[in-house]
Amino acid sequence: MDLAQGIVKAAALLGAGLCMGMGALGPGVGEGFVAGKACEGIARSPENASLITRTMLVGQAVSESTGIYSLVISLLLIFST
Amino acid sequence: MAKKKRPMLKIFIIFFVVEALLVVLSGNFSKQIQIGFDKGKFVIRNIEYEYNLQDKITEEFQIDEYFRQTGETPEIYGSEKLYEFFKKVFGEKSAIGSFQLLRMLLIVDLLLLFIALSIRKKLFGRPSKPQILFEMIYTSLEQFVSETLGKDKVHYTPYIVTLFIFIWVSNLIGLIPIPGFMEPTRNLNVPLGLGVFVVAIVHITAIKVKGLWGHLKNYINPVKNPLFLLDIVGEMSKVVSISFRLFGNVLGGAIIILVVSSLVNFVVFPIGLSMFFGIFVGTIQAFVFTMLALTYIGVEITE
């Protein structure tokens, strides 16, 4: 591996780490917010708990998708350069 | 009070004894016991292993690339004739990956057929346990469908249930510890195909409900909707978002399991992680996929 390839590999690894770290920020904040709101909703009306839990899981999985995209991109950066 | 049965405790004790036996029999930690199928035979043997984590990950996830780099022909994947056939159909470049993917899809399909036939046999007698489980899945998803689409659109339930059970079994089949087994959803082609079908069914439903012109009006009328190009891009992004979500979750879980098991030298099979990523995430993602498909259909119907 010569110098240019090494620099490219290093930049790709650094970019993968940055991508994963920054991409995990948004889903973390969003999922925590959704879970907190769901707790409030269940505390206010415990008879709707199953509906609220279902909606919460779907919403969390949707808001997680940006994190998943960043995971896919960082895997591409690691394994294809 | 009668003595309470504890099946979970028995299972854990069996796991523990098997793992202790494996650790004792493997001598020192630089060796590994290989259990599984090799060239069609069931083998238990003691092998030295030396591996590179990156090679291992490449072998697991880009199997064509791995065999092209190392230059060896895969022996574990069975018959030569079948492999030649796949080489002829899919080309040299993606023969192995397609072979593995299609084999896993075939296994999943046979499993689903077996489940369906074995439940159907005893349908009219006293309901058995698996029948109760699958009736529960069916009735709960039917309830979701009738809540989302309305009572007169209950005939979408078989499609939704099929989607759910197929993705669920596909995600769970990676738990079986046989070499060469993988989740079919770990390959991007399977979620992409499912996503394309979901969007196609959404548009067919919309055309059925609103008529062909009534549906196309939303997209090709620049006066009423000046941003119609963005809508077309949005339809494309539906496919990408619904399929990459499933694919990324399954692939990420598999990579995390592989990395953690290599940290503990593959001695202790990380059951907890497998349970979390296989059962919990697999079920949640199958559920989310079907829910999103249902929501996409529901948006087109109610408008």
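Please read these numbers as outputs of a predicted model, since none were measured by experiment. Below, chains carry the letters A, B, ... as their sequence lines are ordered, and counting in each starts from 1.
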Put together the list of donor-acceptor pairs under 3.5 Å connecting chain A with chain B, please.
unit_1	atom_1	unit_2	atom_2	d
A:Ala61	O	B:Arg245	NE	3.4

Given a strict heavy-atom distance threshold of 4.5 Å, which part of B:Ile242 is in contact with chain A: side chain, backbone, both, or neither? neither
Out of curiosity, [X] [atom1] to [Y] [atom2], how far, rounded to the nearest 0.5 Å?
X: A:Leu71; Y: B:Phe244; atom1: CG; atom2: CZ; value: 11.5 Å
X: B:Phe287; Y: A:Leu57; atom1: CZ; atom2: CG; value: 7.5 Å
X: B:Leu246; Y: A:Ile68; atom1: CG; atom2: CD1; value: 10.0 Å
X: A:Leu75; Y: B:Leu251; atom1: CG; atom2: CG; value: 5.5 Å

Minimum-distance pair of heavy atoms, taken over all atoms of B:Val288 and A:Val58: CG2-CA, 4.2 Å
